[in-house]
There are 2 protein chains.
Amino acid sequence: MQSKNKHEINPRISTDCVIFGFDFNQLRVLLIERSAVENVPSMMALPGDLIYEEENLDMAASRVLKELTGLEEIYLEQVAAFGDPNRLSKKNDQLWLKSVRQDPDARVITIAYYSLVNLDNYAPQASSFAKAASWILVDEIKELAFDHAEIVSAALKKLKDKIISQPIGFNLLPEKFTLSQLHRLYESILGRDLDKRNFRRKMLKLKLVESLDEKQEGVPHKPSQYFKFNEENYNKLIENGYDNFGF
Amino acid sequence: MQSKNKHEINPRISTDCVIFGFDFNQLRVLLIERSAVENVPSMMALPGDLIYEEENLDMAASRVLKELTGLEEIYLEQVAAFGDPNRLSKKNDQLWLKSVRQDPDARVITIAYYSLVNLDNYAPQASSFAKAASWILVDEIKELAFDHAEIVSAALKKLKDKIISQPIGFNLLPEKFTLSQLHRLYESILGRDLDKRNFRRKMLKLKLVESLDEKQEGVPHKPSQYFKFNEENYNKLIENGYDNFGF
DNA sequence: TGTCTTTGTGTCAATTATACACTTTGCGAA
DNA sequence: TTCGCAAAGTGTATAATTGACACAAAGACA
């Protein structure tokens, strides 16, 4: 780690956050709008910024997320580092950087993080250099700034892998939820249908949810039972090394 | 990504490589020996160094690995980024850095990579600042420089996750191998026993190995059949989204 | 020819995965 | 009031997979 020569550089380091949210129907990602500058239309991007001196990477990701979108207290997990020397060199990205950055040609390596939230609990408030922050349907993302589309894909893959092997996903739901909501959540993330009866059977057998004495009201169909997440059983399961949730 | 203030830094970026090798019995990791300096005994470390300007992260990892150990053409996969501001600040690490680095206090964020090789095919040759490079049993690693023990743990966890869900591991074996060797390989990585008959049944059903018309010779017991990896079937399996190898 | 060592093999029971369709509930419109 | 609607909720049969378990076969060597 100590050799020195002309090739070496001090690149800049940023973090970008891929926050997935679920609106009871579809999976969305929190994106900010990059301001339009001369000849460059505005464009959606992941919330991300450079890290600070005294921060570790996790802290940097949390801070940046809060600064750009107002969201805080979100558990973030690392996706990967993205460091292609050309990751900022698409023409529009370059033009944009030139108009807003002091050192537009500096290489930037980014550490991507992801998380899952119940988007009803988080109303993003754009600030700092973000012009807007909003929840965009994953399926409708077209072009993103820099290599952010690639980062979103990598984060989504990570999320799929994780939800297959571990019963996460309860963070995305409100305190009380119905099994149909949970079912749709899993289908949204995995991008495929899951049999309703088999899904319910599995969930109930694991005892990760317990039914409340409360039903939906005012719906024009049979009201569904509300459930809550049983954190105690979840912790037991994880302690026992259970890592095959099996979807 | 463009705000500017006093907190921001240009840290240095390195890569560290966790190369796992298998000697037909146990899992080992390729470590280099960090030179002793005044008052600091020599210490084992992962091969790692700073990245170059024009390199992407994968290329940097390959180059660094080659420079320090002579190993090349190894497929490396990212583990994670490690960027704690104090990751280089253990006392002995600091003393060592002061004696060999021009800027011992610079913060260094490292991108860790890992791989698996058949160690018979790779005889490490220490060079550059590595005093020695050798294959150390994973179970016998004691203290490593910097946060490298943490990095090895993270890489091992990644390797386990991967070998559970995907039939990797053939890269670790010679072109022809016996099912017992493959069996021991899996047991070494997972750190637990696997039933011999069940293991063989699963391997043969997946058709990832095919038997050769060749047996062991000169062994003082029943000679075992040689097999080879069937790459075609492996690719088919991966294409079909098969991701539950099931160990 | 006997002993040693590792290879190689089959079955049964338990668990898990998959496929599949109808009844129930409550609302609101006619 | 009753009818239709929409989503909730429920059971079973079959196939596939897992896990546990013990002994015979092959070849080397003494």
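Keep in mind the model is a prediction, meaning the values are calculated, not measured. Just so we're on the same page: letters track the sequence lines, and every chain starts at 1.
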Does the pair B:Ile19 and B:Val29 meet the rule for a side-chain contact (heavy atoms from CB on, under 4.5 Å), with working shown? CA-CA 6 Å; B:Ile19 310 299; B:Val29 177; 5.9 Å; no

Give me the residues of residues 215-226 of chain A where at least one heavy atom lies under 4.0 Å from an atom of DNA chain C, by number, or none. A:Val219, A:Pro220, A:His221, A:Lys222, A:Pro223

Which protein N or O atoms sit under 3.5 Å from an N or O of nucleotides 11-14 of chain C?
none

Can you confirm whether the side chains of A:Asp49 and A:Ser14 place a donor and an acceptor under 3.5 Å from each other? no

Restricting to salt bridge (Lys or Arg N to Asp or Glu O under 4.0 Å), what partner residues turn up for A:Lys162, sequence neighbours left out? A:Glu77

A:Arg34 to A:Phe146, cation-pi by 6.0 Å centre distance and 45° axis angle: yes

Should the side chain of A:Arg197 and the base of C:dA21 be counted as holding a donor-acceptor pair, with the cut-off at 3.5 Å? yes

Listed by chain and number, what are the side-chain contact (heavy atoms from CB on, under 4.5 Å) partners of B:Asp58, not counting sequence neighbours? B:Asn56, B:Tyr113

Would you please name every residue forming a side-chain contact (heavy atoms from CB on, under 4.5 Å) with A:Lys207, sequence neighbours left out? A:Asn233

Measure the distance from NZ on B:Lys202 to P on D:dA20 and round it to the nearest whole Å. 13 Å

With each end axis built from five pairs of C1' atoms, what bend angle do you get for the helix from C:dT1-D:dA30 to C:dA30-D:dT1? Round to 10°. 10°

Do any side-chain nitrogens or oxygens of A:Ser180 fall under 4.0 Å of OP1 or OP2 in D:dA7? no

